[in-house]
Every structure is written in C-alpha cells, then in structure tokens.
Student: 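So that we are looking at the same thing, I have put the structure below in structure tokens.
Numbered from 1 within each chain, the chains take letters A, B, ... in sequence-line order.
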There are 2 protein chains.
Amino acid sequence: MTTEQIKYNDMSVKPSGMVDHLSDAQWAKVAPLLTQHMHYPPSEVISRRGDLLDHSLLLLDGLIARSVPSGQRARNTFVALQFPGEFVDLHAFPLKRLDHDVVTLADTRVAIVAHEPLRELLNGDVELARKLWLMTLVDASIHRHWVMRNSAMRALARVANFLSEFDARMSAAFGMERQSLPFSLRQTDIADATGLTSVHVSRTLRELREHGCCTVAGGKLLIHDRKELHKVGMFEAAYLYVPQSEMAP
Amino acid sequence: MTTEQIKYNDMSVKPSGMVDHLSDAQWAKVAPLLTQHMHYPPSEVISRRGDLLDHSLLLLDGLIARSVPSGQRARNTFVALQFPGEFVDLHAFPLKRLDHDVVTLADTRVAIVAHEPLRELLNGDVELARKLWLMTLVDASIHRHWVMRNSAMRALARVANFLSEFDARMSAAFGMERQSLPFSLRQTDIADATGLTSVHVSRTLRELREHGCCTVAGGKLLIHDRKELHKVGMFEAAYLYVPQSEMAP
DNA sequence: CGGACCTTTGAACCCCGTCAAGGAATGTGG
DNA sequence: CCACATTCCTTGACGGGGTTCAAAGGTCCG
C-alpha cells in the first residue's frame, strides 16, 4: 500500500458541503474524533467489499467512488461518488460489513472516524445521531436518482445529468458555483458511473461540447451554459438535499 | 380516496421480514405506536413526491413501489419495492420531504407510525434508534444493487436477478422459501422496475420459462429451478442483509 | 524520444425499443 | 348467458441507439 499517514491537529474549521448539515456546535463535538488523516493517490482501493470496518471516513479533499463488480460489463460499475465534506462509508457504522469497494479517483485526503468513540459520542447526543442518520439518507436519495438516471435516460441526457450533479455537489463542497471545476474523472470513469461504454461517452461529450453546454478536458470541467446543461439533463437539484446555509450569496 | 380505516389492537406478534432485525423486546416497544392501520386497493398513490410527512408506514401485507417521474420513458420508474415486514418511508422521519411517490401494487395493509411519539421513543433508546437507522441503510444497499442491475446487466440476467430478489425478500416475509409465490406485479411493473419495455419483459419471461427457471402467470411466480434462476441472474443475496433469525431450518 | 495511457473516430453489428395488431382473461350490464 | 369493454399479454416486423472491434491520434512524463 502506497498510503501515507499524517497527523493533523486542527479540524476546528468545518468543511463546506454535506457536513454543513451539522451545526457549528455539533461539528465541534465531531471534530475531536478526526485526529488521524490519510492520503491516497488516484486509483487506490481503500476498502474492499466484504470488509468488516471498525471506522468510517470523512472525505476532506479529492474524489472517491463506491464500486461493485459489474454484471456483464468489462469494467466495474460505480454505484456512488463521494465529494469533499461527505462521509464515504458512514453506513458501515451500523451495518459493519461493506457491500462495495471504496476507490479513489483523484489525489485524496480523508479523516478517519473510529466507530467506538463515535458510538459513545452518539449515545450522549440524540440530535447529532439523527443528523448523521440524515446524511446517510441523503446518500440513499442520490442512489435512487442514479437508479432513475441509468434506467430511464438516454445517453445525452444521462451524461448531462451526471455532469450537472457533479457540478452541484462540487459547488456545495466549494461553497460557491464555479465556471471551471477540477475534474479528475477519465471518460472510462464516467462510463462506469453512467452505465455506458467509454466510446459512447466520448461521442456524447463531443455532442455536449458542440451544443455549447460544457467541455471536459485537461482535468477540468468547463461549464459554458449551466442552464442549457440542466435542461438537456433534465436536472433538478432537490434530491441532493443541499444544506440551507450553503450556496448563500 | 377509497381507503378504509380500521383499528387493530394486537400487534404483539412481530411480523417476519425486515423488522426481524429488531429483538423481541425492541418490537414490544415499537408495537404500541402502531395503533392505526390502513387498507388500500392496488394502484393507489398513498403519498406524493414533495409531501412533508409527519408519519411513516410499516407494510403489513401487500406490495408497495417507490416511483419517480421517468426521464425519457413513457411510464414512471420504480426506484424501490417494499415487502411485508419492511418500513416503506422511514427515511421521511429524519428527512421529512419525500422525493418519490408511494404506490400500492397489490391489495395492501399498512400500519402508521407517527413521528412525534417515535421521536420520544427513540430519544430514550439509543440501541433501537440504531436498529431503525440500520434498516434504512439496508434500503440504501438495495438501491445500490438496483443501480448495478439496471446499469450493467442484460435483459435476461436483469429480469432473472429481479425475480430472484423478489423471491428472496418474499421468502423473508414468509419466514420460509416457497415454490409458488403470490405475484401481483404486471409485466409493465417489471418493466418500470428494470428499465425495460413491457414488450421486452414479455419476451424475456418467455425465455426464462423455456429455460426452465420460472413462470410468471395468473398472479403467481412459480420457481421451477431456483439454482438456475440465480445463476442466470448472477444473484447473491448478501446485499439484502436478511436478519439471521430468518430462514432458519 | 519513446512508451503508457487516454481519447477519438470509423465501420459493422445487435440488443432492445417502437409500432402495430391480434389474443386471452376478466368484468359489467342487459 | 352473452355482447362488449377494458386491461393485459403476446407476437411480428422494423429501426435505431449504443456496443463492439479496431486502429490511429493525443498527451503526459520519464
């Protein structure tokens, strides 16, 4: 394993994104559990399907996919993506056994939360426990959207919707919308996430580019016309349950 | 609304299925909250996307789909199915706002759990709260499997896998495996759940029948060769997290 | 400058969708 | 008990969106 272990002391600043569902006071309780950090290069398998976990991960920076062996395709299938400020596998806290691999898709930093101290913390704070529950339920809502997207949308709309979601969740992580986003996914990764082949993803991205929606190139996602991208992808962000305090002017 | 309201007194017997994740003592605490029952005919919309719920449902008997407006298909898309002994929309307890419709697919009986008394119960019982959390996480695991199935499997395997899941979850609800199962889904429902057209579902079911796997007809699912059905559908039940006490000899 | 990896493009194919018509099952009213 | 409607299932013919196979072109980095 080519991982590297570092100690940070300062988690006092609450990251943007999903953890913003927590109040400042709640974050102040969770932060002390995040003493141990790890750093991984891209395409690294952090945990494997079937593993019994005694800890979960908070994604600080980078990008992570949850991946399962694919039914009848050559490569694996991505069943979820996690962005900075999101818990990667908090469901392992009640569930323990993992039903998917956890794989990095970029240079990635995570903070480790051991389940034992987390259990003690949550035993004494019902509200906080409910917030963490809620955050896993947002994951489930996103899963449901992925089922719809990969079952009922054509390639062009499917990829446009996927990129719209990427934009929205990345914006939540940044705390603002951007015209240019870091985009470490290869076209084969987009294929794994959308249930298409990388060949057809290539063709579809060209189409989106020629429509003037967006360009994926050089590790960047350039949004030319967000409104048009959303329209092509029939994108409505409600299912992401982005915290209120986010995205304020 | 053609629903009918009944009062039951006896919920002392714990149903089989998903709620079997609860211990008898835990069930004894939950049961008193289930005083109000409802009965619905098939194809009835119980709750709608966007609704703010102050209660959740425990499915006692029948079958329920969670349905979303479809991207580019004529009909809706099913993002989940719920079987007897499962909570239908427990995620609405922390999340409140529903992101999908709740629709009956059979003659259906449910018990209503108001969120307010549930909140008070869970405030005083951390272990029980964690069990309910776990049950929503099993839903999420099933969502992930649906993403894989509808993204990465061919029609024949996809339908075989779907029917295998139906068999497994129905078996959990009955507490035993059966050769013949009540099956109230129409072929258009199978299509909505698998992302195929009903025409192709018809062809696929014929193929499964001719392979000697199973027959769907007359409101019944007949399993001729469960092992072969699982093989064709590449079915492995781990993602269902069926409770241990279930399925014992 | 050479090699590994990713992207792009072309051509052929096929799985599944679409359209259309007929058939079976069930229910309803006269 | 039959005419008729309704709903669902089945089958055929055809077309197309996406896959597969193959090869060439970029790009990055050692």
Student: Output all residues satisfying ring pair (Phe, Tyr, Trp, His ring centres under 6.0 Å) with A:F83, sequence neighbours left out; order by chain, then residue number.
Tutor: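 Residues passing ring pair (Phe, Tyr, Trp, His ring centres under 6.0 Å) with A:F83: A:F166.
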Student: Sugar-phosphate means primed atoms, P, OP1 and OP2; the rest is base. With that split, encode nucleotides 8-19 of chain C 5' to 3' as B, S or - using protein heavy atoms under 4.0 Å.
Tutor: BBBB---SBBBB
Student: Return each pair, listed once, that meets side-chain hydrogen bond (donor to acceptor under 3.5 Å, both in side chains) where at least one residue sits in residues 205-220 of chain B; pairs must be two or more places apart or across chains.
Tutor: B:T215-B:H224
Student: Under the rule for side-chain contact (heavy atoms from CB on, under 4.5 Å), what residues qualify as partners of A:A237, not counting sequence neighbours?
Tutor: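 Scan of A:A237 (side-chain contact (heavy atoms from CB on, under 4.5 Å), adjacent residues dropped) gives A:F235, A:L240.
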Student: Under the salt bridge (charged side-chain N to carboxylate O under 4.0 Å, His left out) definition, can you give me all pairs with a residue in residues 146-170 of chain B, not counting sequence neighbours?
Tutor: B:E86-B:R169, B:R149-B:E165, B:E165-B:R169, B:D167-B:R226
Student: Using the test side-chain contact (heavy atoms from CB on, under 4.5 Å), find all partners of B:V199 that sit at least two apart in sequence or belong to another chain.
Tutor: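 For B:V199 the side-chain contact (heavy atoms from CB on, under 4.5 Å) partners, ignoring immediate neighbours, are B:T197, B:R203.
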Student: Specify the separation, in whole Å, of atom CG of B:L185 and atom P of D:dC9.
Tutor: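 Answer to the nearest Å: 10 Å.
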Student: Using the side-chain contact (heavy atoms from CB on, under 4.5 Å) criterion, which residues pair with A:V201? Sequence neighbours excluded.
Tutor: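 Counting only residues at least two positions away or on another chain, A:V201 forms a side-chain contact (heavy atoms from CB on, under 4.5 Å) with A:Q187, A:I190, A:A191, A:T194, A:L196, A:L205.
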Student: Does one side chain, of B:S70 or B:T77, offer a donor that lies under 3.5 Å from an acceptor on the other?
Tutor: yes
Student: What is the distance, to the nearest angstrom, from the NZ atom on A:K220 to the P atom on D:dT27?
Tutor: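 Taking NZ of A:K220 and P of D:dT27, I get 17 Å after rounding.
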Student: Measure from CG on A:L105 to P on C:dC6 and round the result to the nearest Å.
Tutor: 12 Å
Student: Need the bend value for the helix from C:dC1-D:dG30 to C:dG30-D:dC1: angle between end axes, 5 pairs each end, nearest 10°.
Tutor: 40°
Student: For B:T136, what residues pass the side-chain contact (heavy atoms from CB on, under 4.5 Å) criterion, not counting sequence neighbours?
Tutor: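 For B:T136 the side-chain contact (heavy atoms from CB on, under 4.5 Å) partners, ignoring immediate neighbours, are A:W133, A:L137, B:L90, B:W133.
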